[in-house]
Student: 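Got a structure here, written out as structure tokens. Questions coming.
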Amino acid sequence: MAPTIHIVRHAQGLHNVSVENEAIRDPDLTPLGEQQCADLRASFPCHARLTKLVASPLRRTIYTCDLSFGGPQRLYPIVLLDTLQEVSSAPCDTGSSKDKLGAEFGDRIDASRVRDDWTEKRKGSIFEPTLEVLTARAKEARRALKEIAEGADGDVAVVSHGGFLHFLTDDWEGIPLEIGK
């Protein structure tokens, strides 16, 4: 039987609380966000089938993945895919360096699929926040997830961002293009 890929938007981050907090680079989860992770952990019916965890390399997605699905050592490390990061170049959607992530999360993460320049969203970058580039990045992310799922011996949990998930799934039903969440 083919594995199922369970796709989840991260829990509430500090940047979701106020417009001013969007100036925080790579923000933490709020206490409500941590509770949302606990609630998902308690209600998710497929923990026993999970064999791989994947997340965007932003801290809120890593924490959501870890708090919601982490557990038996067989699920670690969480594979980080830089192609799953959020769409904008706002500070809140710009991640931390691979060194900082490594210091914070240690062997709970695998950052081997994260490019050194993954936080650069300038013109010409594969992370540039334009429709054309985001569409291409989503295609690359789908290929990577397919590869990871084919190598898994069970289901895969993926944690990403509200705006980017529309590009990943190509689902825009009921969503105005100028609003990505």
Side-chain angles (χ1 to χ4, degrees), residues 1-13 16 26 29 33-88 93 95-96 98 101 105 107-115 118 126-127 129 131-175 177 179-181:
M1 189 162 135
T4 298
I5 298 174
H6 304 272
I7 299 175
V8 175
R9 179 200 179 262
H10 66 80
Q12 185 186 64
N16 298 125
D26 205 2
L29 293 177
E34 291 173 359
Q35 183 59 54
Q36 289 169 333
C37 293
D39 293 345
L40 177 57
R41 184 177 198 86
S43 65
F44 184 71
C46 303
H47 284 289
R49 294 198 310 257
L50 288 177
T51 60
K52 286 278 188 191
L53 301 178
V54 180
S56 154
L58 278 100
R59 295 172 59 251
R60 62 186 176 266
T61 53
I62 299 169
Y63 275 114
T64 298
C65 192
D66 192 21
L67 294 172
S68 301
F69 305 111
Q73 288 301 317
R74 66 185 176 87
L75 294 180
Y76 292 112
I78 298 168
V79 176
L80 304 182
L81 289 181
D82 56 13
T83 52
L84 293 174
Q85 69 177 288
E86 187 57 295
V87 299
S88 89
D93 293 335
S96 302
K98 286 173 59 172
L101 294 174
F105 295 100
D107 60 3
R108 289 182 292 158
I109 61 168
D110 170 2
S112 64
R113 292 177 181 248
V114 178
R115 287 162 262 234
W118 81 278
I126 68 158
F127 304 110
L131 186 60
E132 182 179 346
V133 174
L134 287 164
T135 301
R137 178 159 55 98
K139 186 175 184 178
E140 182 181 336
R142 285 191 298 274
R143 272 187 261 168
L145 290 173
K146 181 180 179 190
E147 176 187 309
I148 290 167
E150 287 173 346
D153 190 25
D155 291 358
V156 178
V158 177
V159 181
S160 187
H161 306 268
F164 185 70
L165 287 176
H166 293 291
F167 288 93
L168 184 68
T169 62
D170 198 23
D171 180 0
W172 297 95
E173 187 173 335
I175 306 295
L177 286 179
I179 301 172
K181 295 198 176 170

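Residue numbers start at 1 and run along the sequence shown.
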Student: Verify whether the ring centers belonging to H6 and F44 lie closer than 6.0 Å.
Tutor: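 Ring centres of F44 and H6 closer than 6.0 Å.
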
Student: If the condition is salt bridge (charged side-chain N to carboxylate O under 4.0 Å, His left out), which residues does R137 pass it with, not counting sequence neighbours?
Tutor: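 Counting only residues at least two positions away or on another chain, R137 forms no salt bridge (charged side-chain N to carboxylate O under 4.0 Å, His left out).
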
Student: Would you say the side-chain atoms of Q85 pair up with the backbone N or O of D82, donor to acceptor, closer than 3.5 Å?
Tutor: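 Here the side-chain-to-backbone pair exists.
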
Student: Test of understanding: with salt bridge (charged side-chain N to carboxylate O under 4.0 Å, His left out), list the residues that count as partners of E140, not counting sequence neighbours.
Tutor: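 Once residues adjacent in sequence are excluded, the partners of E140 under the salt bridge (charged side-chain N to carboxylate O under 4.0 Å, His left out) criterion are R115.
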
Student: Would you compute the distance between atom CD of E150 and atom NZ of K146 and round it to the nearest 0.5 angstrom?
Tutor: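 It is 5.0 Å, given to the nearest 0.5 Å.
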
Student: Minimum heavy-atom separation for I5 to L145, with atom names?
Tutor: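 For I5 and L145, the tightest heavy-atom pair comes out as CD1-O, 4.1 Å.
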
Student: What do the steps show when you test R143 against E147 for side-chain contact (heavy atoms from CB on, under 4.5 Å), and what is the final call?
Tutor: CA-CA 6 Å; R143 272 187 261 168; E147 176 187 309; over 6 Å; no

Student: Check salt bridge (charged side-chain N to carboxylate O under 4.0 Å, His left out) between R49 and all other residues, then give those that pass, not counting sequence neighbours.
Tutor: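 Checked R49 against salt bridge (charged side-chain N to carboxylate O under 4.0 Å, His left out); matches are D155.
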
Student: Between OG1 of T64 and CG of L53, what distance do you get to the nearest 0.5 Å?
Tutor: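 So the OG1 of T64 and the CG of L53 are separated by 12.0 Å.
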
Student: Just by distance, do the side chain of K52 and the backbone of I148 share a donor-acceptor pair under 3.5 Å?
Tutor: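 No, because the side chain of K52 does not come within donor-acceptor range (under 3.5 Å) of the backbone of I148.
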
Student: Tell me, please, which residues at least two apart from D107 pass side chain to side chain contact (heavy atoms under 4.5 Å, CB included).
Tutor: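 Side chain to side chain contact (heavy atoms under 4.5 Å, CB included) check on D107 returns nothing, list empty.
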
Student: Tell me whether D26 contacts the main-chain N or O of R59 through its side chain, where contact means a donor paired with an acceptor under 3.5 Å.
Tutor: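 Yes: the side chain of D26 pairs with the backbone of R59.
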
Student: So which atom in S96 and which in L101 form the shortest heavy-atom distance, rounded to 0.1 Å?
Tutor: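 Minimum heavy-atom separation between S96 and L101: O-CD1, 3.9 Å.
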
Student: I need the Y76 OH to D66 CG distance, nearest 0.5 Å.
Tutor: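 Answer for the OH-CG pair, Y76 versus D66, is 3.5 Å.
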
Student: Test: salt bridge (charged side-chain N to carboxylate O under 4.0 Å, His left out). Region: residues 158-167. Which pairs qualify, not counting sequence neighbours?
Tutor: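 Sorted pair list comes back empty.
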
Student: Give, for atom SG of C65 and atom CG of L75, the distance between the pair rounded to the nearest 0.5 Å.
Tutor: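 CG of L75 is found 9.0 Å from SG of C65.
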
Student: Of all heavy-atom pairs between L84 and A55, which one has the smallest distance, and what is that distance?
Tutor: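 Closest pair (atom of L84, atom of A55, distance): CD1-C, 4.0 Å.
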
Student: Identify the two heavy atoms, one from V114 and one from P57, that lie closest to each other, and give their separation to 0.1 Å.
Tutor: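 Looks like CG2-CG, 3.9 Å.
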
Student: Kindly indicate whether the side chain of V159, heavy atoms from C-beta on, has any atom under 4.5 Å from the side chain of Y63.
Tutor: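 The answer is no; the side chains never approach within 4.5 Å.
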
Student: Considering non-hydrogen atoms only, spot the tightest contact between T61 and S56 and give its length.
Tutor: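 Looking at all heavy atoms of both residues, the closest pair is OG1-O, 2.6 Å.
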
Student: With side-chain contact (heavy atoms from CB on, under 4.5 Å) as the test, would you mind laying out the steps for F127 and V133 before giving the verdict?
Tutor: CA-CA 7 Å; F127 304 110; V133 174; over 6 Å; no

Student: For the atom pair CZ (F167) and CZ (R142), what is the distance rounded to the nearest 0.5 Å?
Tutor: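 F167 CZ to R142 CZ: 11.0 Å, rounded to 0.5 Å.
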
Student: With sequence neighbours excluded, tell me which residues meet side chain to side chain donor-acceptor pair (under 3.5 Å) with T51.
Tutor: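 Listed in chain order: nothing, the list is empty.
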
Student: Between atom CD1 of I7 and atom CG of L168, what is the distance when rounded to the nearest 0.5 Å?
Tutor: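 It comes to 5.0 Å.
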
Student: Would you say V87 and H161 make side-chain contact, with heavy atoms under 4.5 Å?
Tutor: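 No, their side chains stay 4.5 Å or more apart.
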
Student: Are R60 and E86 within salt-bridge range, i.e. N to O under 4.0 Å?
Tutor: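 No.
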
Student: Could you tell me whether the side chain of Q36 and the main chain of Q12 form a donor-acceptor pair under 3.5 Å?
Tutor: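 Checking the backbone N and O of Q12 against the side chain of Q36, a donor-acceptor pair under 3.5 Å is found.
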
Student: Examine distances only and state if a side-chain atom of H10 and a backbone atom of S160 form a donor-acceptor pair shorter than 3.5 Å.
Tutor: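 Checked: no pair found.
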
Student: Looking at L80, L29, L67, which one forms a side chain to side chain contact (heavy atoms under 4.5 Å, CB included) with I62?
Tutor: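 Exactly one pass, corresponding to L80.
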
Student: Would you say that more than 12 heavy atoms from the other residues, nucleotides or ligands in this model lie under 6.0 Å from the CG of D171, or not?
Tutor: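 Above 12, so yes.
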
Student: Give a yes or no answer on whether the side chain of R41 reaches the backbone of G70 with a donor-acceptor pair at less than 3.5 Å.
Tutor: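 Yes, R41 side chain to G70 backbone: donor-acceptor pair under 3.5 Å.
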
Student: Give me the atom names and distance for the closest heavy-atom approach of F69 to L40.
Tutor: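 That closest heavy-atom pairing would be CZ-CD2, 3.7 Å.
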
